[in-house]
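Here's the structure we're looking at; comments come further down.
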Amino acid sequence: MNPALETIKERGFLQQCTDLEGLSKRMDEGPVTFYIGCDPTGPSLHIGHMVPFFALRHLRDAGHVGIALLGGGTARIGDPSGKTETRKMISYEAIDANAELFRKQLDRFVGFDGKTSFSANNKDWLADLNYIDFLRDIGSHFSVNRMLSFEAYKARMETGLSFVEFNYQLLQSYDFLELYRRHGCRLQIGGDDQWGNIVAGMELIRRVEGAEVFGLTFPLVMTHDGKKMGKTEKGALFLDPAMTTPYDFFQYWRNVSDADVLKFLLMFTFLPAAECRALAAPGRDINAAKERLAWEVTALIHGTEEADKALSGAKAAFGGGGDRSSMPTAELSRARFEAGYPVLDLFVDAGLAPTKSEARRLVQQGGAFVADAAWKDEKAPVGAGLLDPDGELVLRAGKKRYCRIVAK
RNA sequence: GGGGAGAUUCCCGAGUGGUCAAAGGGGGCAGACUGUAAAUCUGUUGGCUAUGCCUUCGAAGGUUCAAAUCCUUCUCUCCCCA
């Protein structure tokens, strides 16, 4: 098999391929142009979006040409694949703004050079489509019977599917065709929920252009206990540091299940596969492997400096040395400590509890720690005497949530 | 266009005049056990100036001493027929 494909497979990115042998042969012959689509439906990419882009880098590094297609046009109607209900419509302005944010984040991760990797936006050819022409030229190639047999639509037959969403597949197929015409794109890669759309695009190109193109999907990445990877209590694991801090991002990886460590090392880092396997080998310190995983992924997304800081902050919090100033920090008024800071307010102000009732529960259940000692009395105020000489104080909620307070 | 069913707290879902901040499950949080893992067990899960007060059962009105529960209008969803 083609070495680039071998890498993809070895690292766990290969779920299905329309013609593995044919694709392999094609890739042996020379650079293949491929694309990944991604609809800008929110203000930031999250880690779940990134799986195909890790693959893009592997393929790109093997000499192939990757296109990141922003779905500025398709986001206007919403993809029903893998969803159980209609997504809310987003304003055109918001989509355009999101697309630009996505493009910047992707540029940072992929490094678009305009030759071996670049971005495109399907708004450029979808926004001004003529309905009649589109039906005539594209729509006539689609069979409703066939579309209804696709798993992506089947699931929605129960809950309802609007006509608009039903057309998503046509637009995505048209994207593939357009990229084939403009850039000679011969391969579309994406999550396994895109299989139906990818195959449809492939068939459209065969009918219209008589050309053979390929599709390849990645497994839907689940944690070993069956949850969607990258989902936290607070929502997804975002790339935007303002939405998910590098520290929290780091902690997510530091806390993955033992059973997921190897899989995540292979998929979300660029460490050689042999090294990944060695790190996660039985008998090796699994926590060291998690720490490495966390550092590597954080460094890829936020840079090595932020990764170092997150690691250092985590070590300080969990008692492994490190630098306390890298811990999550909140600045509070010194005067309030001098007046006696009500504990409940303190935990709320530090961001460790969303409401005072939650803070109260925390204290009552023995999960509130001030300077490493459990605080038992919800009524007792925290005085300035507990601040260390630097005017600092470490609070902890439960076992893992830390906040360093700096009194000013 | 006609007929029917429904909208409950983060999610699913019970509740059909006071005993309802609302059963049960899921999820979350906390405790125990641990390795910042998993599994398991226990507790907890609207807010607050707190033995009480305020907000919440699709929206707005109304009946009543008292409404998630009854009436009116509206919005939305689903199903059947055309």
Side-chain angles (χ1 to χ4, degrees), chain A residues 83-89 155-162 165 222-237 245-265 279-295 297-298 310-322 324 326-328 339-345 347-370 372-379 381 394-404:
Chain A
K83 309 282 185 311
T84 51
E85 54 191 50
T86 303
R87 191 146 49 189
K88 285 164 200 65
M89 289 284 182
R156 290 293 296 277
M157 296 311 286
E158 301 288 321
T159 54
L161 176 70
S162 80
E165 294 176 278
M222 305 289 263
T223 59
H224 116 281
D225 49 347
K227 288 181 187 148
K228 234 182 181 171
M229 199 274 316
K231 293 286 178 197
T232 68
E233 321 74 60
K234 293 192 189 93
L237 203 62
T245 64
Y247 177 85
D248 286 337
F249 187 89
F250 179 96
Q251 282 300 124
Y252 176 84
W253 301 100
R254 181 58 249 269
N255 282 308
V256 299
S257 296
D258 292 6
D260 290 326
V261 174
L262 177 59
K263 179 165 72 180
F264 289 174
L265 277 168
L279 277 167
R284 287 287 293 269
D285 180 359
I286 190 75
N287 278 312
K290 289 183 190 181
E291 198 171 281
R292 185 69 190 277
L293 168 69
W295 188 90
V297 188
T298 308
L311 174 63
S312 181
K315 284 198 162 166
F318 292 94
R324 231 164 73 164
S326 298
M327 283 169 64
Y341 214 131
V343 236
L344 303 184
D345 289 325
F347 273 81
V348 172
D349 293 345
L352 291 173
T355 63
K356 289 171 81 167
S357 293
E358 292 254 356
R360 176 170 296 110
R361 254 169 247 138
L362 204 57
V363 173
Q364 285 169 352
Q365 295 176 145
F369 294 81
V370 177
D372 230 26
W375 197 270
K376 294 285 169 61
D377 185 355
E378 62 184 75
K379 295 222 168 65
V394 174
L395 300 182
R396 191 176 113 213
K399 280 187 273 275
K400 291 181 203 163
R401 287 147 54 223
Y402 286 84
C403 182
R404 159 177 164 265

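Throughout, a chain's letter reflects where its sequence line sits, starting with A, and its residues are numbered from 1. What you see is a predicted model; the values in this text were computed from it and never measured. The figures here come from the full heavy-atom set of this structure, side chains too, leaving out hydrogens, waters and symmetry mates.
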Value rounded to 0.5 Å, distance of CH2 in A/W253 from CG in A/D260 = 9.5 Å
query = So which one's nearest nucleotide on RNA chain B is more toward 5', A/E358 or A/A314?
reply = A/A314
query = What nucleic acid atoms does A/K356 come within less than 4.0 Å of, heavy atoms only: base, sugar-phosphate, or nothing?
reply = sugar-phosphate
request  = Answer with base, sugar-phosphate or nothing: what part of the nucleic acid does A/R361 contact at a heavy-atom distance below 4.0 Å?
outcome  = sugar-phosphate
task = Can you tell me, in whole Å, how much space there is between the P of B/rC12 and that of B/rG2?
result = 31 Å
Whole angstrom value for the distance that separates P of B/rA38 from CZ of A/F264 = 12 Å
query = To the nearest 0.5 Å, how far apart are OH in A/Y402 and CZ in A/R324?
reply = 12.0 Å
query = Got a donor-acceptor contact below 3.5 angstrom from the A/K290 side chain to the A/V256 backbone?
reply = yes
task = Under a 3.5 Å limit for both distances, which nucleotide forms a Watson-Crick or G-U wobble pair with B/rU40, could you say?
result = B/rA32
task = To the nearest 0.5 angstrom, please state how far the CG atom of A/D349 sits from the NZ atom of A/K356.
result = 9.0 Å
message = Counting the atoms with a prime plus P, OP1 and OP2 as sugar-phosphate, which does A/Q251 contact under 4.0 Å by heavy atoms, base, sugar-phosphate, or nothing?
response = base
remark   = When rounded to whole Å, the NZ to C1' distance for the pair A/K376 and B/rG31 reads 11 Å
message = Tell me the interatomic distance from A/E291, atom CD, to B/rG35, atom P, rounded to whole angstroms.
response = 16 Å
ask   = When rounded to the nearest Å, what value does the distance between C1' atoms of B/rA68 and B/rA22 take?
value = 8 Å
ask   = NZ of A/K315 versus P of B/rG35: gap in Å, rounded?
value = 18 Å
message = Using the P atom as the point on both nucleotides, what is the distance between B/rG62 and B/rA67, in whole Å?
response = 13 Å
note = When rounded to whole Å, the CD1 to C1' distance for the pair A/I286 and B/rU36 reads 13 Å
task = Quote, to the nearest angstrom, the C1' distance that separates B/rU69 from B/rA50.
result = 29 Å
task = Check whether any side-chain N or O of A/K400 sits under 4.0 Å from OP1 or OP2 of B/rA37, and answer yes or no.
result = yes
request  = Would you kindly give the CZ-to-P distance between A/R396 and B/rC29, to the nearest whole Å?
outcome  = 15 Å
task = Go ahead and name the base partner of B/rA14; Watson-Crick or wobble counts if both distances stay under 3.5 Å, otherwise write none.
result = none
ask   = With a 4.5 Å heavy-atom cut-off, do A/L395 and A/R401 have their side chains touching?
value = no
query = Mind checking who B/rG1 pairs with, Watson-Crick or G-U wobble, both distances under 3.5 Å?
reply = B/rC81
query = How far, in whole Å, is B/rG6 from B/rA14 if one measures between their C1' atoms?
reply = 15 Å
ask   = Hey, is the side chain of A/K399 poking within less than 4.0 Å of OP1 or OP2 on B/rA30, counting only N and O atoms?
value = no
Rounded distance [0.5 Å steps], CG in A/N255 versus CG in A/L293 = 11.0 Å
message = Can you work out whether A/L362 or A/S357 has the more 5'-proximal nearest nucleotide on RNA chain B?
response = A/L362
message = When the P atoms of B/rA37 and B/rG31 are compared, how many Å lie between them, rounded to an integer?
response = 11 Å
ask   = The side chain of A/R360 lies closest to which of these nucleotides: B/rU49, B/rU36, B/rG35?
value = B/rU49
request  = Decide yes or no for A/V370 and A/F347: does some side-chain heavy atom of the first lie under 4.5 Å from some side-chain heavy atom of the second?
outcome  = yes
ask   = Can you find an N or O donor on one side and an acceptor on the other, under 3.5 Å apart, linking the side chain of A/D258 with the base of B/rG35?
value = yes
ask   = When you look at CG of A/D285, are more than 12 heavy atoms from neighbouring residues, nucleotides or ligands closer to it than 6.0 Å?
value = yes
query = Among B/rU36, B/rG47, B/rG35, which nucleotide sits nearest the side chain of A/T355?
reply = B/rG47
message = Tell me the interatomic distance from A/Q364, atom CD, to B/rU45, atom P, rounded to whole angstroms.
response = 9 Å
note = In Watson-Crick or G-U wobble terms, with both distances under 3.5 Å, the base opposite B/rC53 is B/rG47
P atoms of B/rU73 and B/rC80, separation to the nearest Å = 27 Å
Base-pairing mate for B/rU69 - Watson-Crick or G-U, with both contacts under 3.5 Å = none
inquiry  = What contact category does A/A368 fall into here, base, sugar-phosphate, or nothing, at under 4.0 angstrom with non-hydrogen atoms?
reply    = nothing
task = Check the distance between B/rC48's P and A/E378's CD and give it to me in whole angstrom.
result = 12 Å
query = Which value, in whole Å, describes the distance between the C1' atoms of nucleotides B/rU8 and B/rG24?
reply = 14 Å
request  = Using only heavy-atom distances, decide whether a donor-acceptor pair under 3.5 angstrom links the side-chain of A/Q365 to the base of B/rG31.
outcome  = no
inquiry  = Return the pairing partner of B/rU75 with a 3.5 Å limit on both distances, Watson-Crick or G-U wobble; otherwise return none.
reply    = B/rA7
ask   = For A/V256, which contact category applies under a 4.0 Å heavy-atom criterion: base, sugar-phosphate, or nothing?
value = sugar-phosphate
inquiry  = I'd like to know if A/R401 reaches the base of B/rA30 with its side chain, counting only an N/O donor and acceptor under 3.5 Å.
reply    = no
